[in-house]
Undergrad: 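For reference, the structure I am asking about is given below.
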2 protein chains.
Amino acid sequence: MPAPTPTPSALPAGSVRRRAGRPTAAILDQDGITTAALELISNKGYNGLTMAALARSLGVAPSALYNHVASKDDVLLLVEDHLAAMVDVSAFGVEPWDVAVRRWAWSYRDVFSEHTPLIPVIAVLPVANAPKTLAMYEAVTAGFRDAGFPEEKIISAIVALEAFVFGAAYDVTAPEDIFDAGSLAGQVPNFTAAVDRLALERHARPTDVAFELGLEALITGFGALRG
Amino acid sequence: MPAPTPTPSALPAGSVRRRAGRPTAAILDQDGITTAALELISNKGYNGLTMAALARSLGVAPSALYNHVASKDDVLLLVEDHLAAMVDVSAFGVEPWDVAVRRWAWSYRDVFSEHTPLIPVIAVLPVANAPKTLAMYEAVTAGFRDAGFPEEKIISAIVALEAFVFGAAYDVTAPEDIFDAGSLAGQVPNFTAAVDRLALERHARPTDVAFELGLEALITGFGALRG
DNA sequence: ACCAATAAATGAATGCCATTCATTTATCTC
DNA sequence: GAGATAAATGAATGGCATTCATTTATTGGT
């Protein structure tokens, strides 16, 4: 039996054995962590986003991450803020108010429907540590104000729209047969009939139809509040 | 040194050593598990709801639970279905449509705002295994139908309302200072002004104001669809 | 030019958690 | 009465985030 040589031969391919201690230049920073997290999520989903996997993809020990983020929730907040910058607010101040809201809400939903595990985190975490998210709110608020919205109602309207967007983002991820009553169908005839009736309409995805229906109602209702 | 006696003396107080093997009468069933889970959630929150804690509160080994539920998600589904029965659908078919929707949506939000960790589970799990949830949908669907709603739009309208309710349920749990921009306030003047302006209105909880605003817009918008 | 402080890495715990499995045994069915 | 089944036990198992002592290169102060 060969001697148990503690050689670095068992290292993951492509990685380099590094001594402990401060490296010549910092390997990690929040930007790199964010990018790696997004890449990991894109490839393996949120189940694949573990601190260990994140560290491995950065060629680093898991504990090293904690010099740059306080917790895994902190990583999720970084990801969230990156995504907030991808939401389309460009129409505010350019296009009419209703067009801008429509573009914003659809893109907001589309971005976060791929990232629903972030929603519980966003909902609870203060916005102070998320500059890009804050910038999104600023653009939307300015758009509402310039459209003649009474100032005391702006935040409430945004919060309501956002609630709808987050709920709808979940709906996008639902399986198609979520409303299949199965063996209980006989006990819920009205519901089953309505589900079947909707299935006959073969226009767009049901989730998109519902989102449009709700969004247009909100836009119409809120539009009437403008001075 | 005393002999290592495997006595039952170290048992938790109040518990009784039970031999392995089938007991005279089954100790566990889904109803009991559901009740214990709700009790645990009420006392310790969702962080306290672990399979081990649930088993302990039922005086049983954790593995015993798996004779009655397939997984922890299964427990969450049981809890969800119990809660669905607490949502107020009593006004459908009795009160005018808009009153019924209002009562339903407010109670739906109130029930689930205490149980937001269920929302990701509900959104994805087919409804076939949740009879009480299905019963709720049936009542709401019948109410919409009887109010003259076009059948092909009923499910979409319910889905949209539900999305809004779930999103709003998260909002209820948000900390009060969630919109405090902190040191970045200077960079988001419109947003900060709108937040401050809303804070001056000391009527109701901001989360309730936003919910009412959105809900009334949806009710008005959907009400116009009735034939 | 030295020296102390700091920043950023390592790797070895720690403790929690859901879930699985072999085993036991009372009850039910034929 | 015998064999199958249901429902419990307790001992793994493997994954997870997080902590901690330790190492060491860089930085800033005197």
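In the text below, chain A, chain B and the rest are named by the order of the sequence lines, each starting its count at 1. Quick note: numbers below take in every heavy atom, side chains included, and nothing from hydrogens, waters or symmetry partners.
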Undergrad: Heavy atoms within less than 4.0 Å of DNA chain C: which residues of residues 65-75 of chain B have one? Give them sorted by number.
TA: Tyr66(B), Ser71(B), Lys72(B)
Undergrad: Tell me every residue that passes side chain to side chain donor-acceptor pair (under 3.5 Å) with Ser63(B), counting only those two or more places apart in sequence or in another chain.
TA: none
Undergrad: Return each pair, listed once, that meets side-chain hydrogen bond (donor to acceptor under 3.5 Å, both in side chains) where at least one residue sits in residues 177-192 of chain A; pairs must be two or more places apart or across chains.
TA: Asn190(A)-Glu138(B), Asn190(A)-Arg145(B)
Undergrad: Using the test ring-ring contact (aromatic ring centres under 6.0 Å, His included), find all partners of Phe112(B) that sit at least two apart in sequence or belong to another chain.
TA: Tyr108(B)
Undergrad: Name all residues meeting the side chain to side chain donor-acceptor pair (under 3.5 Å) criterion together with Arg19(B); count only those two or more places apart in sequence or in a different chain, and write none if there are none.
TA: none
Undergrad: Report for the helix from dA1(C)-dT30(D) to dC30(C)-dG1(D): angle between first-end and last-end helix axes, five pairs each, rounded to 10 degrees.
TA: 10°
Undergrad: I want to check something: taking the side chain as every heavy atom from C-beta on, are Ile178(A) and Leu125(B) in contact at a cut-off of under 4.5 Å?
TA: no
Undergrad: Nearest-nucleotide wise, let me know which of Ser63(B) and Ala20(B) is further upstream toward the 5' end of DNA chain C.
TA: Ser63(B)
Undergrad: Would you indicate whether the side-chain heavy atoms of Leu49(B) and Leu76(B) approach each other to under 4.5 Å?
TA: yes
Undergrad: For the pair Tyr137(A) and Phe179(B), name the ring-plane relationship: parallel under 30°, tilted 30 to 60°, perpendicular over 60°.
TA: perpendicular
Undergrad: At less than 4.0 Å, is any side-chain N or O atom of Thr24(A) found next to OP1 or OP2 of dT26(D)? Yes or no.
TA: yes
Undergrad: Would you say Asp73(B) and Ser71(B) are linked by a side-chain donor-acceptor pair, where the criterion is simply a distance under 3.5 Å?
TA: no
Undergrad: Enumerate the residues from residues 34-52 of chain A whose closest heavy atom to DNA chain C is under 4.0 Å, giving them by residue number; use none for an empty result.
TA: none
Undergrad: Please identify each residue that fulfils ring-ring contact (aromatic ring centres under 6.0 Å, His included) with His82(B), with sequence neighbours left out.
TA: none
Undergrad: With sequence neighbours left out, write down each residue that passes side chain to side chain donor-acceptor pair (under 3.5 Å) with Glu80(B), or none if nothing qualifies.
TA: Thr133(B)
Undergrad: Quick one: side chain to side chain donor-acceptor pair (under 3.5 Å) partners of Tyr66(A), sequence neighbours excluded?
TA: none
Undergrad: With sequence neighbours left out, which residue pairs that include part of residues 21-38 of chain A fulfil the salt bridge (charged side-chain N to carboxylate O under 4.0 Å, His left out) condition?
TA: none
Undergrad: Going 5' to 3' along DNA chain C, which are the first and last nucleotides with any atom under 4.0 Å from a heavy atom of chain A?
TA: dT6(C) to dG11(C)
Undergrad: Answer yes if the side chains of Tyr170(A) and Glu162(B) hold a donor-acceptor pair under 3.5 Å, and no otherwise.
TA: no
